[in-house]
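First comes the structure, then the notes that go with it.
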Protein chains: 6
Amino acid sequence: MADAPHPASAHPEPAPTELTHFRDGLPRMVDVTDKAATTRTATAEAWVRLPPEARAALEAGTNPKGDPLTVARLAGLAGSKRTADLILLCHPIPVTGADVQVTLEDAGVRITATVRTTAPTGVEMEALTAASVAALNVYDMLKAASKALEITGVRLLSKTGGKSGDYRALQTSQTQTARTEAP
Amino acid sequence: MADAPHPASAHPEPAPTELTHFRDGLPRMVDVTDKAATTRTATAEAWVRLPPEARAALEAGTNPKGDPLTVARLAGLAGSKRTADLILLCHPIPVTGADVQVTLEDAGVRITATVRTTAPTGVEMEALTAASVAALNVYDMLKAASKALEITGVRLLSKTGGKSGDYRALQTSQTQTARTEAP
Amino acid sequence: MADAPHPASAHPEPAPTELTHFRDGLPRMVDVTDKAATTRTATAEAWVRLPPEARAALEAGTNPKGDPLTVARLAGLAGSKRTADLILLCHPIPVTGADVQVTLEDAGVRITATVRTTAPTGVEMEALTAASVAALNVYDMLKAASKALEITGVRLLSKTGGKSGDYRALQTSQTQTARTEAP
Amino acid sequence: MADAPHPASAHPEPAPTELTHFRDGLPRMVDVTDKAATTRTATAEAWVRLPPEARAALEAGTNPKGDPLTVARLAGLAGSKRTADLILLCHPIPVTGADVQVTLEDAGVRITATVRTTAPTGVEMEALTAASVAALNVYDMLKAASKALEITGVRLLSKTGGKSGDYRALQTSQTQTARTEAP
Amino acid sequence: MADAPHPASAHPEPAPTELTHFRDGLPRMVDVTDKAATTRTATAEAWVRLPPEARAALEAGTNPKGDPLTVARLAGLAGSKRTADLILLCHPIPVTGADVQVTLEDAGVRITATVRTTAPTGVEMEALTAASVAALNVYDMLKAASKALEITGVRLLSKTGGKSGDYRALQTSQTQTARTEAP
Amino acid sequence: MADAPHPASAHPEPAPTELTHFRDGLPRMVDVTDKAATTRTATAEAWVRLPPEARAALEAGTNPKGDPLTVARLAGLAGSKRTADLILLCHPIPVTGADVQVTLEDAGVRITATVRTTAPTGVEMEALTAASVAALNVYDMLKAASKALEITGVRLLSKTGGKSGDYRALQTSQTQTARTEAP
């Protein structure tokens, strides 16, 4: 199960056509033992589409003492620490920083989640999990107002660190490009 | 269970403009103690959009011994049991049945999750969480092939049980209506 | 381990001097299988004492967008769902309602947590756990301002339901009675 | 996904040759929504074989203040509450009683775990998980003394309740029957 | 969200009056990615006040096979590993040592918890969580004997490591100073 | 609680006859703060004995879309991340690789689990937990076919790294040596 062969799993590297999470057709947790721990950052985005009743309820429910968007923000931060519980083949990562923004926009509720760590593997899944969990919490608070809520555009905005190099997404999501209004 | 003493929960219902998860502007876990436990079912859907490289990798990685879609399916099933950990204001629900389908379609990977229970509150969030977690697991296994994956169309397809009555979504999602091909 | 004898644990009831969580001197999870599920409520209280620098930091940090007291409130709500993870001999209880109040008072930050359920055993530990977890979150956010913070007066204010009957604490805690100012 | 057909999963019952956890070849969490909650008990057993050095260390380490067997007993009790986290297709069950015995016998450390509930499905897996987790904790405490420890004979001793009827294992395990000494 | 600016969160440092867990008024998990991992130790204390009936029950229930104080001790040790689950904005820390002492004193049950790690941030919250969880477990085992139990004096006794320097609390807690008997 | 004395726990090392997890007769989490993080690998094995009906059900239930052995494999991988939740005195370890093999053999279902990390302590318990959890999942899926299933031969096959040196088990387990057929 290692980059370098060792007694317990002396398999060759996967063929180019095999998924990294699989070896000889079987799922495994990828062995990153021999990779150096480096600084890594990932930012993910998610949107919650709001039917008019949900938007009205959200606007009415926003108040100085306990904003629904703050609930979602905190849930997303906590969710980033749950990633390895949810993603079966994901390594447990000691997250060293997380920031989740939840804002009400014309196109719906926008969530961005940035996660950082120093680890031998990246934190894309932690950022995506934080964004998804924040979105699910928005949904939960608004579901009494509308059952037509929809979570869309969950995607990676950028990442830095790691041998695959830096990445920055195009400004518009796949969903956006096929539509006239924002995402 | 509020500021003023009361034997069980003698408060009036929140004003129409207040979110059910809030009382006097502050978040709480809604009190369902006095509601009867009834049979409830919810089905949710999610999609993972696949750039061509991701689709090729998924097709190459699908094999009799360990299909990536099976990993996602199991992760979704397990994720349904994590809902109350992730959704801050959600009640813990004893899920009594869960079925997650993960299929490769022309428009991407489609996930449907059906969750059932006998409880005083519904399982929409359990079904949506199962679908989201399954989608995140698909993403995780394909992220080495493409960073432009996107999770979209996470929505409730149907629910039965509970006093708000049954619900069945329109066949196309909000996202779909603005696009020519499937979702 | 049951009220009525059965093959797997046909022990007599514990002697009057034995703790209910023990039988023949050994810890166990008390068997409540044969007790009826009834409605139960418990309210607990906790205080966080604030040295002057911590109070100043809290007052400065309170703002419309993200009040530290709201963070503590949400953490307490989520904490109520973690009780059986933390209390080794505690039964898992399907909490059906939870309300945590966190307010800044002259004597410090006051937390009250009310938890409700329909179950064969009570929710005192859920309310006390919610209050303790909320207090720990207050501590966490203020610990950079002062290391002399102190959590005190974690106690049961009231409970209803269950065969041991209703309970309501005296207005002042043990701690308060020996002190001149509020708790 | 139900015993009776319903809109979200109107599949026929599995063929006799199909595992109950699968339908049409795919894993699911079995639907027990329509089954009545009844009283159920299960007792499981596990053994830890002790090489001589491990037995000597255990005997030397047993003391009035903190017996290793008590650590294992408590870990097993806590482990019974983790079953649905570990068994992917297992329903979350509100355990209403648990008793774990850990004793030093001539043949090794013997663990028996009895779990009870009132639920639509049984607690065999909870009892087996409690016994396995207790055994793993025994192993952990003794592993510095010997690396040849072995956990064996993890099996169901008895169950009551549920439509499959009561069960009581033969006195000797499969392992025992092929060996001259106890288990 | 970092000490040094980076693309994903190029905000300036918080103003002196802002809590470290907040930026621009919004909660976040503080970014410690760029801090070196160093050795850190923290010791926290908690007390459980015992009404006479609770003390009598505890003394009667203490026995060679399964001391209630041992249950609390183990629960506290396990609780130290749950800190990041409970404290919403807390980093997950790989605890490398934990020792919880639970003793019966004239003034009640005294708990001290020492936690150690090598990490970029401290373990005060881990020690305080361990002490609080141990205290809650003491409460749980004695609550049938008295409902007037009270957890008090949860505070940091000392810490070493980290740039804020070492700390050692005054011998008496805030609670103690206002009272004649021990805390 | 450290290898080297320090203010918070200046106890001497345990006497040779004391278990490493105990000091002065009391359990603790062993202090490994001052040990260097090095690469470590452990491989564990477990067997599930199959009565004929269980074997027949497993063979009938094995299919291209969702093999029961794949469910067990994934559950074991996920279980390796739960070790510190289950083993009370175990350190949380950032697992950096895990591979679980589940195969049907003449003697039953064989599970081998290899876990790797870079940490100051070993991953024997992670490998043993992964193997045990995989075995419990096999049991769960086959328990409707037979109640005489049995998990046996849970043991360490090999470990590398750490100051206690490398270890490789004899080819046959304790259980095997007393029996004629495989384990």
Side-chain angles (χ1 to χ4, degrees), chain A residues 17-22 24-27 46 49 57-58 60-61 63-66 68 71 74-75 78-79 82 85-90 124-125 128-129 132-133 135-137 139-145 147-156 159 164 167 169 173-175 178-181, chain B residues 17-22 24-27 46 49 57-58 60-61 63-66 68 71 74-75 78-79 82 85-90 124-125 128-129 132-133 135-137 139-145 147-156 159 164 167 169-170 173-175 178-180:
Chain A
T17 54
E18 195 172 30
L19 297 175
T20 51
H21 287 60
F22 289 73
D24 301 338
L26 292 168
R49 305 283 202 110
L58 177 58
N63 66 72
K65 285 183 291 178
V71 176
L74 289 164
R82 296 277 165 188
D85 283 355
L86 302 175
I87 314 295
L88 289 182
L89 303 177
C90 213
E124 293 97 315
M125 294 317 302
L128 288 155
T129 299
S132 292
V133 168
L136 287 165
N137 276 268
Y139 192 115
D140 179 48
M141 287 180 281
L142 299 179
K143 72 179 191 292
K147 288 178 183 57
L149 290 151
E150 189 171 324
I151 299 170
T152 59
V154 184
R155 61 178 187 134
L156 184 67
K159 71 180 277 290
S164 73
Y167 171 77
S173 74
Q174 279 191 45
T175 312
R179 300 171 66 259
T180 51
E181 75 274 37
Chain B
T17 55
E18 195 174 27
L19 297 175
T20 51
H21 287 59
F22 288 73
D24 301 336
L26 292 167
R49 305 285 202 107
L58 176 59
N63 67 73
K65 286 182 291 177
V71 176
L74 289 163
R82 295 275 165 190
D85 283 355
L86 301 175
I87 315 295
L88 289 182
L89 303 177
C90 214
E124 292 98 315
M125 293 317 302
L128 288 155
T129 300
S132 292
V133 169
L136 287 166
N137 276 267
Y139 191 114
D140 179 48
M141 287 180 281
L142 299 179
K143 71 179 192 292
K147 289 179 182 57
L149 290 152
E150 188 170 326
I151 300 170
T152 58
V154 184
R155 61 179 186 134
L156 184 67
K159 70 179 279 286
S164 73
Y167 171 77
L170 301 177
S173 74
Q174 279 191 42
T175 311
R179 301 170 66 259
T180 51

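Treat the numbers as computed from the prediction; the structure is a model and nothing was measured. Hydrogens, waters and symmetry mates are skipped; everything else that's a heavy atom, side chains included, is used. Naming: A, B, ... by sequence-line order, numbering from 1 per chain.
- Residue B:L156 comes nearest to A:K147 through the heavy atom pair CB-O, 4.3 Å, listed as atom of the first residue, atom of the second, then distance.
- Shown here for B:G153 and A:T152, the closest heavy-atom pair between the two residues is N-CG2, 3.8 Å.
- Proximity to chain B (any heavy atom under 4.5 Å) is shown, for A:A145, by neither the backbone nor the side chain.
- The distance from atom CE of A:M141 to atom CD1 of B:I87, rounded to the nearest 0.5 Å, is 9.0 Å.
- When atom types are taken as modelled, the side chain of A:N137 and the backbone of B:L86 share a donor-acceptor pair closer than 3.5 angstrom.
- In terms of heavy-atom proximity, A:P68 sits nearest to B:L19 at CG-CD1, 3.4 Å.
- The part of A:S132 that comes within reach of chain B is its side chain, from C-beta onward, which places non-hydrogen atoms under 4.5 angstrom from that chain.
- Minimum interatomic distance between A:D140 and B:C90 (heavy atoms only, all atoms of both residues): OD2-N, 4.3 Å.
- Here the closest heavy-atom approach between residue A:M125 and residue B:L136 is recorded as CE-O, 3.2 Å.
- Listed here is the closest heavy atom pair of A:A144 and B:T20: CB-OG1, 3.8 Å.
- By number of non-hydrogen pairs under 4.5 angstrom with chain B, the leading residue of A:V133, A:L128, A:T129 is A:L128.
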